[in-house]
Amino acid sequence: MRTLSLRFLKLLRSVRDFCVAMLVFTFYALVRALPAQSAIRGGGKFAQFIGRFAPRSKIALRNIALAFPEKSPAEHQQILSEAWDNFGRTAVEYCHLDHIWDYDINAPGKGHINVAGVEHFVQMRDDGKPALIVTAHLGNWELPMVAANVHGLKAAALFRAPNNRWIAKWVLNRRKVAMGELIASRRGSIHALSNVIERGDHLGMLVDQHFWNGVESTLFGRKILCNPAFARLARLHDCPVYAVRVIRLPNERFRIELTPELQLPRDETGKIDIKGSIDFINCLFETWIAEHPGQWLWLHRRWRG
């Protein structure tokens with residue numbers, strides 16, 4: 001009886017996931033049929049509306065209040081509204097990733113994308129060295145990998161696959177078209193990430209979310225747990241580390257900023273210090289978030305306990 005019940009529950013979950021996948025595919029088809037800029041603006045407005053009722057808004061407001069206790073409740077609400085707008089726009093832009101990138105490295109300033117630090121990108125692409133590129137969920141955080149793929153940087157990115165198997169397969173295929181190699185986040189994926197560095201390629205990582213059993217650090221003066229993978233890889237391979245952020249500008253435009261090689265702290269043996277490097281990156285991210293608070297993904301529980 002127990003076996004039959006488990007099989008029935010598994011079947012129900014499978015049917016549910018299939019129905020959800022069909023809704024997602026339908027949404028994608030509808031968005032693709034609309035003019036990109038109109039769809040992106042509409043996505044932001046729709047997300048702001050949904051955000052009024054979403055339970056995640058309570059988590060986000062708590063996060064915002066923890067990060068900016070000096071701001072008023074009205075300012076907290078404004079940051080939340082902007083964050084939902086950014087999230088909605090990013091979701092719709094995802095449907096247009098294969099043609100949203102219009103930056104010409106030989107004729108900058110003519111499209112919707114502005115890039116600061118092109119010289120660092122060219123150096124990283126042509127120096128024959130592997131490198132790590134860390135970023136946060138700011139602006140449209142998918143664009144740096146699109147840039148790498150379009151402009152010939154051999155790179156792979158770590159991503160978390162959706163739990164829905166139909167959506168996961170579709171997302172992987174969609175992202176590969178615009179973003180190149182993707183490595184699913186799972187137990188043992190650190191070995192696949194290390195292989196990217198060992199073969200001389202570049203590895204992009206989002207490193208601003210909670211990580212169970214991670215290394216303790218601080219963000220806005222409060223304790224957080226962080227994924228140490230990027231720092232461990234940097235220490236193991238002693239490879240350059242860069243950071244990149246995406247800033248959303250008015251009129252569906254973006255500014256992408258790539259830092260020079262980061263001078264991460266080292267321990268007494270001369271090797272990159274894992275804890276110190278995590279603190280260094282969080283300090284950088286804190287500055288970036290404070291500059292454009294409405295463009296960070298406040299919806300996940302960054303501070304716990």
Side-chain angles (χ1 to χ4, degrees), residues 9-10 12-28 30-31 39-95 135-142 159-168 170-171 185 206-214 218-227 246 248 282 285-286 288-290 292-305:
L9 288 174
K10 185 176 180 180
L12 285 180
R13 284 195 294 267
S14 182
V15 171
R16 178 201 62 190
D17 287 352
F18 179 78
C19 292
V20 171
M22 291 304 102
L23 289 174
V24 170
F25 300 157
T26 301
F27 169 80
Y28 172 80
L30 290 173
V31 169
I40 291 167
R41 288 191 292 269
K45 296 296 183 184
F46 181 72
Q48 284 180 314
F49 175 76
I50 294 297
R52 299 175 188 174
F53 314 102
R56 283 279 170 179
S57 288
K58 293 182 180 180
I59 295 173
L61 270 179
R62 176 181 179 274
N63 287 340
I64 294 167
L66 288 173
F68 303 112
E70 75 284 0
K71 295 185 181 294
S72 68
E75 290 173 307
H76 295 162
Q77 285 286 350
Q78 180 60 34
I79 292 172
L80 175 63
S81 178
E82 292 174 7
W84 275 112
D85 177 71
N86 184 71
F87 180 74
R89 287 171 180 260
T90 300
V92 172
E93 286 159 354
Y94 177 80
C95 300
T135 189
H137 288 84
L138 284 161
N140 186 323
W141 52 88
E142 304 281 7
F159 86 106
R160 185 188 181 281
N163 294 329
N164 186 307
R165 62 188 176 94
W166 283 284
I167 296 178
W170 175 79
V171 165
S185 178
L206 283 156
V207 296
D208 62 333
Q209 289 189 307
H210 178 81
F211 188 78
W212 291 108
N213 298 319
T218 59
L219 187 69
F220 292 101
R222 297 180 181 274
K223 291 181 180 179
I224 56 175
L225 291 177
C226 306
N227 188 339
V246 179
R248 189 178 295 278
N282 284 323
F285 286 174
E286 183 176 318
W288 285 355
I289 294 166
H292 301 280
Q295 296 190 23
W296 193 49
L297 188 65
W298 294 96
L299 306 179
H300 62 280
R301 292 178 59 206
R302 193 66 185 100
W303 294 277
R304 310 194 183 201

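Count residues from 1 along the sequence. Not measured: the values here are computed from a predicted model.
In this structure, CE on Met22 lies 11.0 Å from CG on Asp17, to the nearest 0.5 angstrom. Between the CZ atom in Arg62 and the CD1 atom in Ile59 there is a gap of 9.0 Å [rounded to 0.5 Å]. Within the model, atoms CG of Asn213 and CG of Asn227 stand 11.0 Å from one another, a figure rounded to the nearest 0.5 Å. From Phe285, atom CZ reaches atom CH2 of Trp296 across 9.5 Å, with rounding to the nearest 0.5 Å.
Taking 4.5 Å as the limit, every side-chain heavy atom of Pro293 sits out of range of all side-chain heavy atoms of Ile64. Side chains of Leu61 and Gln77 form a contact here, defined as non-hydrogen atoms less than 4.5 Å apart. Side chains of Arg248 and Thr90 form a contact here, defined as non-hydrogen atoms less than 4.5 Å apart. A 4.5 Å side-chain heavy-atom check between Ile289 and Leu138 finds at least one atom pair inside the cut-off. Pro69 is not listed as a side-chain neighbour of His76, based on a closest heavy-atom distance of 4.5 Å or more.
Using a distance-only test at 3.5 Å, with no hydrogens or angles considered, no donor-acceptor pair links the side chain of His137 to the main chain of Leu206. Judged by distance alone, with hydrogens and angles left aside, the side-chain atoms of Arg301 form no donor-acceptor pair with the main-chain N or O of Ala60 at under 3.5 Å. Judged by distance alone, with hydrogens and angles left aside, the side-chain atoms of Trp303 form a donor-acceptor pair with the main-chain N or O of Leu219 at under 3.5 Å. A donor-acceptor pair under 3.5 Å is formed between the side chain of Arg222 and the backbone N or O of Leu66. Proximity of a side-chain donor or acceptor of Gln209 to a complementary backbone N or O of His300 within less than 3.5 Å is not detected. Side-chain atoms of Asn63 do not come within 3.5 Å of backbone N or O of Leu299 as any donor-acceptor pair.
A pairwise comparison of heavy atoms in Ala54 and Trp84 identifies CB-CZ2, 3.8 Å as the closest pair. Summarising the geometry of Cys226 relative to Arg302, their closest heavy-atom pair is SG-NH2, 3.4 Å, with the distance given to 0.1 Å. Closest approach of Gly88 and Ala47 over heavy atoms only: CA-CB, 3.5 Å. In terms of heavy-atom proximity, Asn282 sits nearest to Thr218 at CB-O, 3.5 Å. Of all non-hydrogen atoms in Gln48 and Glu82, the two that sit nearest each other are NE2-N, 4.5 Å.
Dense packing is recorded around CZ of Phe25, with more than 12 heavy atoms of other residues, nucleotides or ligands lying under 6.0 Å away. Within 6.0 Å of CZ on Phe18 lie no more than 12 heavy atoms contributed by other residues, nucleotides or ligands.
In this structure, the ring pair (Phe, Tyr, Trp, His ring centres under 6.0 Å) partners of Phe68, at least two apart in sequence or on a different chain, are Phe220, Trp298.
Between Arg89 and the options Asn86, Asp85, Val92, a side-chain contact (heavy atoms from CB on, under 4.5 Å) holds for only Asp85.
The salt bridge (Lys or Arg N to Asp or Glu O under 4.0 Å) pairs that include a residue from residues 39-59 are Arg41-Glu252, where partners are two or more places apart or lie in different chains.
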